[in-house]
Visitor: 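First, the structure itself, so that you have it in front of you.
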Amino acid sequence: MKPVDSGPGFTGSPLDRADHLRHDTDAIAAAMGDWRARLLKLDGFDPVPTDNGRLEWTSLADAPDDAELVFLGLIDTKPHFTAYIPGMRTGAGRPPQMFALLDRLEAGEAGTYAAARSVLDWHSRHQFCANCGAATAMFRAGWGRQCSGCGTEHFPRTDPVVIMIAEHDGRALVGRGPNWPPGRYSELAGFMEPGESIEEAVAREIFEEAGVRVTNVRYVASQPWPFPSQLMMACVAQAEDDAITIDPKELQDAIWVSRADVKRALAGDPDAPMIAPPHFAIAHTLLTAWAAEE
Ligand SMILES: [Zn+2]
């Protein structure tokens, strides 16, 4: 399969992250005083899409008094910020309403939202130093926190996750987790562990969840997934055989589907053997790319 160069959800943001300005406190102060500066409007951590699928922006004057501004970057040379509000916390779940909001956002807009959501969530969970336990404070215009006790600098983290199709005789392995919506299937996925390559993580996850051995792992595409801060890396691998032994803690079911099945599912055919993942998930991008291969 050919690599996918563009198109996965949460990519294609027009933001220029302007890292050189983050270190420059005078430049950031000037950006905050710029009358053109924009503040991302959020409902808690959720986006507020306009009717035409854009993010809503407001003036910095609308930030609450106790907010700390994070410099997202420049769009059309205008400084854009998001606000961390002390005490803000993400919920445990990802409610369907939030996915409905994402459905309404244009592709690049979702990318800007992903950056804001992940960095705000990181601030909410890193108020204290992992090294000594003292309070931390924002620095680098919101792209780091420094410990008030030992001085350790902490930076927003990204957690790598592999998501993959095991391929056998023209069919793809997909599975469904317990409590998923009826009919929904997707590619198997799992967090990479310390000391693993992408290829090793793909092979381990497919064997752990479905009992299938794979070789020849090939990278296809990646996307950020801001719930809270994963980097999804999509791959395809060759299965040695098609016998499935599921791990019931991870999967409720796993099945082999043909390219024709996947095309019907992606087209929303109610008689397809699966309901495809949402378009903003890289699971959708990967299935689309796989189904298009001959
Ligand atoms: Zn410390």
Side-chain angles (χ1 to χ4, degrees), residues 1 3-4 6-12 46-47 53 93-107 109-111 113-114 117-118 159-167 171-192 201-202 205-206 209-210 212 218-237 244 246-247 250-293:
M1 270 176 73
V4 173
S6 64
F10 302 113
T11 65
D46 293 347
R94 301 197 297 260
Q97 307 89 286
M98 211 271 298
F99 284 116
L101 293 174
L102 290 174
D103 251 340
R104 289 168 43 198
L105 274 184
E106 279 184 16
E109 296 287 283
Y113 167 69
R117 180 176 181 120
S118 283
D159 298 321
V161 172
V162 287
I163 177 164
M164 54 272 161
I165 284 174
E167 198 175 36
R171 294 174 305 160
L173 180 67
V174 292
R176 51 177 281 109
N179 309 318
W180 283 22
R184 168 67 53 81
Y185 282 82
S186 187
E187 296 93 313
L188 307 187
F191 282 98
M192 290 186 62
V202 164
E205 283 287 341
I206 297 176
E209 295 191 11
V212 173
R218 288 154 292 149
Y219 168 84
V220 178
S222 70
Q223 79 164 174
W225 183 252
F227 309 104
S229 57
Q230 286 87 289
L231 172 67
M232 308 294 296
M233 296 176 296
C235 296
V236 173
I244 296 172
I246 63 168
D247 173 356
E250 298 274 352
L251 294 181
Q252 185 209 68
D253 189 25
I255 55 174
W256 295 97
V257 287
S258 69
R259 285 190 164 84
D261 292 335
V262 170
K263 283 177 183 165
R264 285 165 56 210
L266 291 167
D269 179 345
D271 295 325
M274 61 183 280
I275 295 173
H279 70 89
F280 47 79
I282 199 165
H284 191 282
T285 311
L286 178 59
L287 280 173
T288 303
W290 180 78
E293 291 281 301

Visitor: Excluding sequence neighbours, so at least two apart, what forms side-chain contact (heavy atoms from CB on, under 4.5 Å) with A189?
Guide: V161, I163
Visitor: For side-chain contact (heavy atoms from CB on, under 4.5 Å), just list the numbers for T288 and K263, CA-CA rounded to whole Å, side-chain angles, deciding distance to a tenth of an Å, and then say yes or no.
Guide: CA-CA 8 Å; T288 303; K263 283 177 183 165; over 6 Å; no
Visitor: Hey, is R218 close enough to E167 for a salt bridge, meaning N to O under 4.0 Å?
Guide: yes
Visitor: Using the side-chain contact (heavy atoms from CB on, under 4.5 Å) rule, pick out the option among D261, D253, V257 that qualifies with Y185.
Guide: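 Checked D261, D253, V257 against Y185; only one passes side-chain contact (heavy atoms from CB on, under 4.5 Å): D253.
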Visitor: Where the side chain of S229 meets the backbone of P226, is there a donor-acceptor pair that is under 3.5 Å apart?
Guide: no
Visitor: Ignoring hydrogens and geometry, is there a side-chain-to-backbone donor-acceptor pair from R176 to W180 under 3.5 Å?
Guide: yes
Visitor: First locate atom CG of L101, then atom OH of Y113, and finally report the distance between them rounded to the nearest 0.5 Å.
Guide: 8.0 Å
Visitor: To the nearest 0.5 Å, what is the distance between CZ (R259) and CZ (R171)?
Guide: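 One gets 12.0 Å once the value is rounded to the nearest 0.5 Å.
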Visitor: Any side-chain heavy-atom pair from P224 and Q230 closer than 4.5 angstrom?
Guide: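 When only atoms from C-beta onward are counted, Q230 and P224 do not touch, as no gap falls below 4.5 Å.
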Visitor: Under 6.0 Å between ring centres, would you say that holds for F280 and F99?
Guide: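 They qualify: ring centres under 6.0 Å apart.
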Visitor: Working to the nearest 0.5 angstrom, can you tell me the gap between H284 NE2 and S186 OG?
Guide: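 That separation rounds to 10.5 Å.
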Visitor: Could you check I246 against I244 for side-chain contact (heavy atoms from CB on, under 4.5 Å), going step by step and ending with a plain yes or no?
Guide: CA-CA 6 Å; I246 63 168; I244 296 172; 3.6 Å; yes
Visitor: Can M274 and R184 be said to form a side-chain contact (heavy atoms from CB on, under 4.5 Å), step by step?
Guide: CA-CA 6 Å; M274 61 183 280; R184 168 67 53 81; over 6 Å; no
Visitor: To the nearest 0.5 Å, tell me how far M232 CE sits from L286 CG.
Guide: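 Reported to 0.5 Å precision, the distance equals 10.0 Å.
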Visitor: Could you check if a side-chain atom of L188 sits within less than 4.5 angstrom of a side-chain atom of I165, using non-hydrogen atoms only?
Guide: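 They are not in side-chain contact.
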Visitor: Any chance you could measure F191, atom CZ, to D159, atom CG, to the nearest 0.5 Å?
Guide: 6.0 Å
Visitor: Do Q223 side-chain atoms and I282 backbone N/O form a donor-acceptor pair below 3.5 Å?
Guide: yes
Visitor: What is the distance from atom CG of D269 to atom CD1 of I275, rounded to the nearest 0.5 Å?
Guide: 11.0 Å
Visitor: Where is the tightest heavy-atom contact between L105 and A110, given as atom of each residue plus distance?
Guide: CD1-CA, 4.0 Å
Visitor: On a heavy-atom basis, which atom in L173 and which in A254 lie closest, and how many Å separate them?
Guide: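 Distance-wise, the nearest heavy atoms are CD1-CB, 4.1 Å.
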Visitor: Measure across V262 and A291 and return the closest heavy-atom pair with its distance rounded to 0.1 Å.
Guide: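 Closest heavy-atom pair between V262 and A291: CG1-CB, 3.8 Å.
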Visitor: Is any side-chain heavy atom of M98 closer than 4.5 Å to a side-chain heavy atom of P47?
Guide: yes
Visitor: Yes or no on side-chain contact (heavy atoms from CB on, under 4.5 Å) for L231 and S222, after CA distance, side-chain angles and deciding distance?
Guide: CA-CA 7 Å; L231 172 67; S222 70; 4.2 Å; yes
Visitor: Determine the minimum heavy-atom distance between R264 and D271, stating which atoms define it.
Guide: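 Looks like NH2-O, 3.0 Å.
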Visitor: Measure the shortest side-chain to side-chain distance between V162 and E205 over non-hydrogen atoms and say whether it is less than 4.5 angstrom.
Guide: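 V162 vs E205: side chains touch.
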Visitor: Would R117 and D46 pass as an ion pair if we require N to O under 4.0 Å?
Guide: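 Salt bridge present between R117 and D46.
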